[in-house]
Amino acid sequence: MPVKIRLARRGKKGYAYYHIVVADSRAPRDGKFIEQIGTYDPNKNPAAITLQFDKAVDWLQKGAQPTDTARAILSYKGVMYKKHLLVGVKKGAFTMEEAEAKFAKWLSEKEAQINAKRAKLADAKDADSKSRLAAETKVKEERAKAVAAKNAQAAAAAAPQEEAAAEEEAAVEAPAAEAPVEAAADAG
């Protein structure tokens with residue numbers, strides 16, 4: 001029975017995630033499988049991968065063939081490199097301690113790369129939010145200036161009308177105030 005390490009699709013349309021499974025190569029993609037050894041979520045950045053490392057190495061040593069995508073995921077997590085080192089130990093190229101030291105060094109470098117990418121993405125997100133805030137503040141200030149200019153223009157246009165209205169009120173009040181004085185003079 002030819003065995004493959006491949007992805008089984010899960011999730012909803014447009015938002016898929018995958019199970020990393022060991023299955024008979026003749027079984028359907030999302031059908032029967034022998035064992036699930038991990039998950040892969042490409043919707044996150046960087047992609048979220050959980051993997052049972054020892055089981056993956058064990059299946060590779062038993063002869064399971066990964067598909068292209070599964071091979072890329074296994075390489076990313078270091079399973080393929082670990083298998084390569086174990087073959088070197090088996091052939092006598094180096095000892096198990098040397099292989100473990102090489103793998104630990106590779107793993108620390110890989111972790112540093114992943115952390116650098118996460119930091120870069122976080123910095124880019126912060127810079128983007130700051131630039132959006134600055135642009136929003138600029139637009140807000142321009143709107144405030146436009147409103148102030150419009151209010152000043154409206155006040156300038158309303159000032160002559162207010163003066164004319166004040167003069168009319170003064171003219172209406174003045175004859176009313178003079179009329180009782182004249183009436184008092186006629187009475188006397």
Side-chain angles (χ1 to χ4, degrees), residues 4-23 27-60 64-86 98-159 162:
K4 292 237 180 227
I5 298 175
R6 63 182 180 198
L7 301 179
R9 189 180 194 280
R10 300 288 188 262
K12 60 184 182 177
K13 183 168 66 170
Y15 197 79
Y17 68 93
Y18 301 89
H19 288 177
I20 303 169
V21 297
V22 178
R29 177 192 72 181
D30 299 334
K32 190 175 178 182
F33 58 87
I34 299 168
E35 185 176 15
Q36 178 182 338
I37 59 173
T39 60
Y40 168 61
D41 186 0
N43 300 311
K44 297 179 180 169
N45 192 6
I49 301 170
T50 58
L51 189 66
Q52 296 175 358
F53 193 85
D54 295 332
K55 286 186 179 183
V57 171
D58 185 46
W59 277 106
L60 285 174
Q65 295 296 313
T67 60
D68 293 338
T69 306
R71 180 180 299 276
I73 291 170
L74 295 175
S75 293
Y76 180 80
K77 293 303 270 184
V79 173
M80 299 302 285
Y81 186 59
K82 180 75 169 186
K83 179 190 174 238
H84 171 74
L85 291 174
L86 292 176
E98 292 173 343
E100 290 296 328
K102 287 182 180 183
F103 184 71
K105 180 183 175 191
W106 179 88
L107 198 58
S108 65
E109 290 173 356
K110 185 69 171 181
E111 193 65 34
Q113 288 176 347
I114 293 170
N115 289 336
K117 182 177 181 180
R118 285 187 181 134
K120 181 181 174 185
L121 290 172
D123 291 343
K125 187 176 180 180
D126 290 342
D128 183 46
S129 64
K130 286 180 183 177
S131 66
R132 286 184 182 191
L133 181 62
E136 187 176 321
T137 304
K138 183 178 177 183
V139 168
K140 183 179 175 183
E141 290 172 356
E142 289 175 0
R143 285 183 183 163
K145 287 179 184 177
V147 168
K150 186 176 180 182
N151 288 343
Q153 186 180 21
E162 289 177 7

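All values below were derived from every heavy atom in this structure, side-chain atoms included, with hydrogens, water molecules and symmetry-related copies excluded. Each residue takes its place number in the sequence, starting with 1.
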Rounded distance (nearest 0.5 Å) linking atom NZ of Lys110 with atom OG of Ser75
9.0 Å

Hey, does Leu60 have a side-chain heavy atom less than 4.5 Å from the side chain of Met80?
yes

Mind checking the OG1-OH spacing from Thr39 to Tyr17? Nearest 0.5 Å is all I need.
8.5 Å

Distance-minimising heavy-atom pair for Pro66 and Leu74
CB-CD1, 4.0 Å

Glu142, CD: over 12 other non-hydrogen atoms inside 6.0 angstrom:
yes

Tell me whether Asp126 is salt-bridged to Lys130, with the criterion being a basic N under 4.0 Å from an acidic carboxylate O.
no

Approximate separation, where rounding is to 0.5 Å, of Gln65 CD and Trp59 CH2
13.0 Å

Does the side-chain contact (heavy atoms from CB on, under 4.5 Å) test come out yes or no for Phe33 and Val22, once each step is laid out?
CA-CA 6 Å; Phe33 58 87; Val22 178; over 6 Å; no

Which heavy atom in Arg29 sits nearest to a heavy atom in Leu7, and how many Å separate them?
CG-O, 3.8 Å

So does Glu100 pair up with Lys105, basic N to acidic O under 4.0 Å?
no

At their closest point, which heavy atom of Val79 faces which heavy atom of Ala56, and how far apart are they?
CG1-CB, 3.9 Å

Test side-chain contact (heavy atoms from CB on, under 4.5 Å) on Lys102 and Tyr81; report intermediate values, then the result.
CA-CA 10 Å; Lys102 287 182 180 183; Tyr81 186 59; 3.8 Å; yes

What's the shortest heavy-atom distance between Arg6 and Pro28, and which atoms?
NH2-O, 3.2 Å

Side chain proximity check, Tyr18 to Thr69, heavy atoms < 4.5 angstrom
no

Is it the case that over 12 heavy atoms from other parts of the model lie below 6.0 angstrom from the CD atom of Glu136?
no

Backbone N or O of Ala16 within a donor-acceptor pair of the Asn43 side chain at under 3.5 Å?
yes

side-chain contact (heavy atoms from CB on, under 4.5 Å), that's the test. Do Phe103 and Leu86 meet it? Break it down for me.
CA-CA 10 Å; Phe103 184 71; Leu86 292 176; over 6 Å; no

Taking atom CG as the centre, does Asp68 end up with more than 12 heavy-atom neighbours from other residues, nucleotides or ligands that are less than 6.0 angstrom away?
no

Contact between Ile20 and Gln52 at the side-chain level, heavy atoms closer than 4.5 Å - yes or no?
no

Smallest heavy-atom separation, Gly14 atom then Arg9 atom, equals N-NH2, 4.2 Å

Looking at CG of Asn151 and CD of Gln153, how far apart are the two atoms once the value is rounded to the nearest 0.5 Å?
10.0 Å

Looking only at non-hydrogen atoms, find the nearest pair between Lys77 and Phe53 and report the distance.
O-CE1, 3.6 Å

Per side chain to side chain contact (heavy atoms under 4.5 Å, CB included), Ile37 is matched among Val21, Thr50, Leu51 by Leu51

Rounded to the nearest 0.5 Å, how far apart are CD1 of Ile73 and CD1 of Ile49?
5.0 Å

